[in-house]
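Single-structure report; data block below.
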Amino acid sequence: MAERAKVYVIDDDEAMRDSLNFLLDSSGFEVTLFEHAQAFLDRMPTLAFGCVVSDVRMPGIDGIELLKRMKATGSSFPILVMTGHGDVPLAVEAMKLGAIDFLEKPFEDERLVAMIETAIQQAEPAAKNEQVTQDILARIASLSPRERQVMDGLMAGLSNKLIAREYDISPRTIEVYRANVMTKMGANSLSELVRLAMRAGAFKD
C-alpha cells in the first residue's frame with residue numbers, strides 16, 4: 001500500500017476541523033489537525049512534506065501571517081486557504097504570498113480533494129529536490145575544517161600530492177582525510193563527489 005499523502009488542517013473552528021478530518025481521512029489522506037497557526041509553525045520543522053489547508057481568518061496568527069512566516073522559512077509545503085464569503089481581497093493577497101489556491105466556504109468536498117491532490121503533485125518533486133539538497137548540505141557541514149579543505153582541493157582538480165603540499169602535510173595523511181570525505185559525503189567516486197558538491201552549490205571555482 002502506497003504511503004498516504006499528508007494534509008495539515010489549520011482552523012480555529014472545531015466543527016470545521018472535525019468535518020475536514022472526516023472528509024480527508026475518508027478520501028485517503030493522512031490528516032493532522034491544528035487549532036491555531038502557532039501550533040503548526042512550532043511543529044513544522046519536524047513534519048513530513050504535505051499540503052497545508054488553512055483558514056484565512058483566525059485569532060492570533062491569521063492565514064496571511066502564516067503564509068508570510070512559511071515563505072520566510074523557505075517552506076516547500078503547498079498551501080490552500082479557505083476564506084469566508086466576501087474575503088476575496090484576502091484570498092488575492094494569499095495567492096500573492098504563495099498560496100496555491102483558495103476556496104470560499106462553503107465549498108464542495110470533491111473540489112477540495114481535487115485541489116489538494118493537484119497541489120501535492122505539483123509541489124512534491126521540488127520538495128524532494130530540496131530535501132536532497134539539504135541532506136547534502138548537512139553532510140558537508142559534518143566535515144571537519146581539514147576535511148573541507150581536502151574536499152575543496154579535490155573539487156579544484158588537485159592531486160593528493162598537491163593538496164598535501166598546499167597544507168604542508170603528508171600525502172598519506174591526505175589519503176586518510178580523502179577517505180573520510182568520501183565516507184561522510186556518501187560518495188563512491190570522485191565524479192560522484194563533484195556531482196554532490198555541485199548539487200549543493202558548494203563548488204568553488
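Residues: numbered from 1 along the sequence shown.
- Taking 4.5 Å as the limit, every side-chain heavy atom of Val9 sits out of range of all side-chain heavy atoms of Thr32.
- Atom CD of Gln122 and atom CD of Glu117 lie 12.0 Å apart (nearest 0.5 Å).
- Residues His36 and Ile61 are not in side-chain contact: their nearest non-hydrogen atoms beyond the backbone lie 4.5 Å or more apart.
- Within the model, atoms CE of Met16 and CG of Leu33 stand 11.5 Å from one another, a figure rounded to the nearest 0.5 Å.
- Smallest separation of non-hydrogen atoms from Met82 and Asp55: O-OD1, 3.0 Å.
- With respect to the salt-bridge test (charged N to carboxylate O, under 4.0 angstrom), the residues Asp13 and Arg17 do not qualify.
- Using a 3.5 Å distance cut-off with no hydrogens or angles, the side chains of Asp135 and Gln131 do not pair a donor with an acceptor.
- In terms of hydrophobic clustering, with Ile, Leu, Val, Met, Phe, Trp and Tyr side chains grouped at heavy-atom distances under 4.5 Å, Val92 and Ile79 are assigned to different clusters.
- Inter-residue side-chain proximity for Leu112 and Leu24 is flagged as met; some heavy-atom pair is nearer than 4.5 Å.
- A salt bridge links Lys105 to Asp11: one of the charged nitrogens lies within less than 4.0 Å of a carboxylate oxygen.
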side-chain contact (heavy atoms from CB on, under 4.5 Å) between Met155 and Leu193: does it pass, once the steps are laid out? CA-CA 8 Å; Met155 298 292 110; Leu193 182 68; 3.5 Å; yes
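- Put simply, Met151 and Leu162 are part of the same group of oily side chains (I, L, V, M, F, W, Y) that touch within less than 4.5 Å, one to the next.
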Report the C-alpha distance between Tyr177 and Ile169 in whole Å, list the side-chain angles of each, state the deciding distance to 0.1 Å, and finish with yes or no for side-chain contact (heavy atoms from CB on, under 4.5 Å). CA-CA 11 Å; Tyr177 283 125; Ile169 45 182; 4.2 Å; yes
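- When all heavy atoms of Asp62 and Val56 are compared, the closest pair comes out as CB-O, 3.3 Å.
- Atom CD of Gln38 sits about 10.0 Å away from atom CD of Glu65, to the nearest 0.5 Å.
- Side-chain atoms of Leu66 and Phe40, non-hydrogen and from C-beta on, do get closer than 4.5 Å to each other.
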side-chain contact (heavy atoms from CB on, under 4.5 Å) evaluation trace for Met44 with Phe34: CA-CA 11 Å; Met44 191 172 72; Phe34 297 91; over 6 Å; no
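- The local environment of CD in Glu192 is crowded, with over 12 non-hydrogen atoms from other residues, nucleotides or ligands closer than 6.0 Å.
- The minimum heavy-atom distance between Ser27 and Val113, with the atom names listed, is OG-CG2, 3.5 Å.
- Within the 4.5 Å cutoff, the side chain of Leu158 has heavy atoms near those of the Glu166 side chain.
- Residues Val176 and Ile174 are members of separate hydrophobic clusters, defined by side-chain heavy-atom contacts under 4.5 angstrom among Ile, Leu, Val, Met, Phe, Trp and Tyr.
- Both Leu80 and Phe107 sit in one connected hydrophobic cluster of ILVMFWY residues. Membership requires side-chain heavy atoms under 4.5 Å apart, directly or through other members.
- A 4.5 Å side-chain heavy-atom check between Val7 and Ile116 finds at least one atom pair inside the cut-off.
- Salt-bridge annotation for Asp25 and Arg4: present, with a side-chain N of the basic residue lying under 4.0 Å from a carboxylate O of the acidic one.
- The side-chain heavy atoms of Leu23 and Asn21, taken from C-beta on, include no pair separated by under 4.5 Å.
- Considering all non-hydrogen atoms of both residues, Ala200 and Leu137 come closest at O-CD2, 3.7 Å.
- The two residues Ser170 and Thr173 come nearest to each other via the heavy atoms OG-OG1, 2.7 Å.
- Minimum interatomic distance between Ile120 and Cys51 (heavy atoms only, all atoms of both residues): CG1-CB, 3.7 Å.
- Although no hydrogens or angles enter the test, the distance criterion places a donor-acceptor pair under 3.5 Å between the side chain of Lys184 and the main chain of Ser142.
- With respect to Arg172 and Glu175, a salt bridge is recorded, a charged nitrogen being found less than 4.0 Å from a carboxylate O.
- Relative ring orientation between Phe49 and Phe77 is described as perpendicular, the plane-to-plane angle rising above 60° on a 0-90° scale split at 30° and 60°.
- A donor-acceptor contact closer than 3.5 angstrom is absent between the side chains of Ser75 and Thr73.
- A 6.0 Å sphere centred on CZ of Arg57 holds no more than 12 heavy atoms belonging to other residues, nucleotides or ligands.
- No more than 12 heavy-atom neighbours from other residues, nucleotides or ligands sit within 6.0 angstrom of CZ on Phe22.
- Under the 4.5 Å side-chain heavy-atom criterion for ILVMFWY residues, a single connected hydrophobic cluster contains both Leu47 and Ile100.
- Remark: Glu93 CD to Ile64 CD1 distance equals 4.5 Å, nearest 0.5 Å.
- Residues Leu154 and Ile163 form a side-chain contact, since some pair of their non-hydrogen atoms from C-beta on lies under 4.5 Å apart.
- Checking Arg199 against Asn129 by side-chain atom types alone, a donor-acceptor pair falls below 3.5 Å.
- Rounding to the nearest 0.5 Å places NZ of Lys128 at 4.0 Å from CD of Glu124.
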What verdict does the side-chain contact (heavy atoms from CB on, under 4.5 Å) test give for Ile136 and Met185, after you've listed the backbone C-alpha separation in whole Å, the side-chain angles of each residue and the deciding distance to 0.1 Å? CA-CA 7 Å; Ile136 299 168; Met185 291 298 293; 4.0 Å; yes
